[in-house]
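Single-structure report; data block below.
Indexing begins at 1, ligand by ligand and atom by atom, following the structure's order. When a residue number appears, it is its place in the shown sequence, counting from 1.
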Amino acid sequence: MLPATKAIPKELLPIYDRPIIEHVVKEAIDGGIREIIFVTRSGKEAIENHFDAHYELEHRLVKKGKNKILEDIVKIIPDYVKISSIRQADALGLGHAILCAKHLINDEAFAVLLPDVLIVDRKNRQKNFSFSHLMKAWNKTGIGQVMVERIDFDDTDKYGIVEMSKKNINEFESAPLKALIEKPEPQNAPSNLALLGRYILPPQLFNFLEDINPGVGGEIQLTDALFKLLTKKSLNAVLTDAHIFDCGNKHGFLAANLLVGMQDPKTRTKIYALMNKLNDDDF
Ligand code: G1P
């Protein structure tokens, strides 16, 4: 997403009217998460600021009587949700980022949500259905849960790919995993079911993370530690039918903006009107 992210953390790029990280934090809260830990790095302080009070702005909005927008800014997240933030000094991979939070998580189960992935559930489902469902599956089984989506076979080298222990799985069924591999070439991929960046994991995972060697790209890969969890029969996957947008690339980012924008009826009308007006000569 460069040059857009030269000075702005990618997590703060807007999806419609708010930064992507706000959408993802709300997804977690809707699923029942009450403590959020950001693992960031230098230059990303603006993420913390977004969730903090901004007295000067609030004062100005009060003076101008802009109450609706004021309410939106003051109440980004409910008071009962606690946010903390820690630094990952070196970009040594997703597994390493999670290890950085070990001392704050203590000996509890935890969720991992990657902030460049936006999940938009189907219209007929409640808000943030997919993540809430993952939480329910964890609460019911006490077994680690990863969310997966079906992708094009050509794209397997961009994702962690899973193999289920049975051939046909139903959407939203929590089923055991047989294998996991990080970013395989299409000819080596066991399926086209991809890890999409939502995990609920037992504290035991930290032992595996501390034990593994750097994997693909020389990084400490979460997927490699998940594989160890799988060998202990402690890892299930849940297939979602939601729209998944990888906002770390232009197409995903644009598509997410269009879909979220079109959920607002006024914006939807404007987008359709614009599309109808445009013709090939405009490009
Ligand atoms: C990470 C994970 C990968 C997962 C992906 C989802 O990769 O390592 O298993 O499929 O997120 O977005 P990254 O995108 O950080 O390379």
Using atom types as modelled, flag every donor-acceptor pair under 3.5 Å from a side chain in residues 245-259 to any protein atom, sequence neighbours excluded.
unit_1: D246; atom_1: OD1; unit_2: G248; atom_2: N; d: 3.1
unit_1: N249; atom_1: OD1; unit_2: H251; atom_2: N; d: 3.1
unit_1: N249; atom_1: OD1; unit_2: G252; atom_2: N; d: 2.8
unit_1: N257; atom_1: OD1; unit_2: Y16; atom_2: N; d: 2.5
unit_1: N257; atom_1: ND2; unit_2: P14; atom_2: O; d: 3.3
unit_1: N257; atom_1: ND2; unit_2: F253; atom_2: O; d: 3.2

Dump all N/O pairs between ligand 1 and the protein below 3.5 Å as a table: atom names plus distance, one pair per row.
unit_1: ligand 1; atom_1: 7 (O); unit_2: K183; atom_2: NZ; d: 3.3
unit_1: ligand 1; atom_1: 8 (O); unit_2: E182; atom_2: OE2; d: 2.7
unit_1: ligand 1; atom_1: 9 (O); unit_2: G160; atom_2: N; d: 3.1
unit_1: ligand 1; atom_1: 9 (O); unit_2: E182; atom_2: OE1; d: 2.8
unit_1: ligand 1; atom_1: 9 (O); unit_2: E182; atom_2: OE2; d: 3.4
unit_1: ligand 1; atom_1: 9 (O); unit_2: T223; atom_2: OG1; d: 3.4
unit_1: ligand 1; atom_1: 10 (O); unit_2: G160; atom_2: N; d: 2.9
unit_1: ligand 1; atom_1: 10 (O); unit_2: L195; atom_2: O; d: 2.7
unit_1: ligand 1; atom_1: 16 (O); unit_2: K183; atom_2: NZ; d: 2.7

Checklist entry - What do the steps show when you test R125 against D241 for salt bridge (charged side-chain N to carboxylate O under 4.0 Å, His left out), and what is the final call? => result CA-CA 11 Å; R125 302 200 192 283; D241 66 354; 2.6 Å; yes

Distance-only check: which donor-acceptor pairs under 3.5 Å involve side-chain atoms of residues 163-172, not counting sequence neighbours?
unit_1: S165; atom_1: OG; unit_2: P176; atom_2: O; d: 3.0
unit_1: K166; atom_1: NZ; unit_2: E173; atom_2: OE2; d: 2.5

Item to check | Transitive ILVMFWY cluster of I143, excluding itself - 4.5 Å side-chain cut-off | outcome: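 Grouped by the 4.5 Å side-chain rule, I143 forms a cluster of one, so the answer is none.
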
Item to check | Output field: ring centroids H59/Y55 closer than 6.0 Å | outcome: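 For H59 and Y55, the ring centres are not under 6.0 Å apart.
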
Next on the checklist: Go through it in stages, so that I can follow the logic: the residues are D116 and K10, the test is salt bridge (charged side-chain N to carboxylate O under 4.0 Å, His left out), and I'd like the CA-CA distance, side-chain angles, deciding distance and then a yes or no.
Outcome noted: CA-CA 8 Å; D116 41 13; K10 63 176 179 178; 3.0 Å; yes

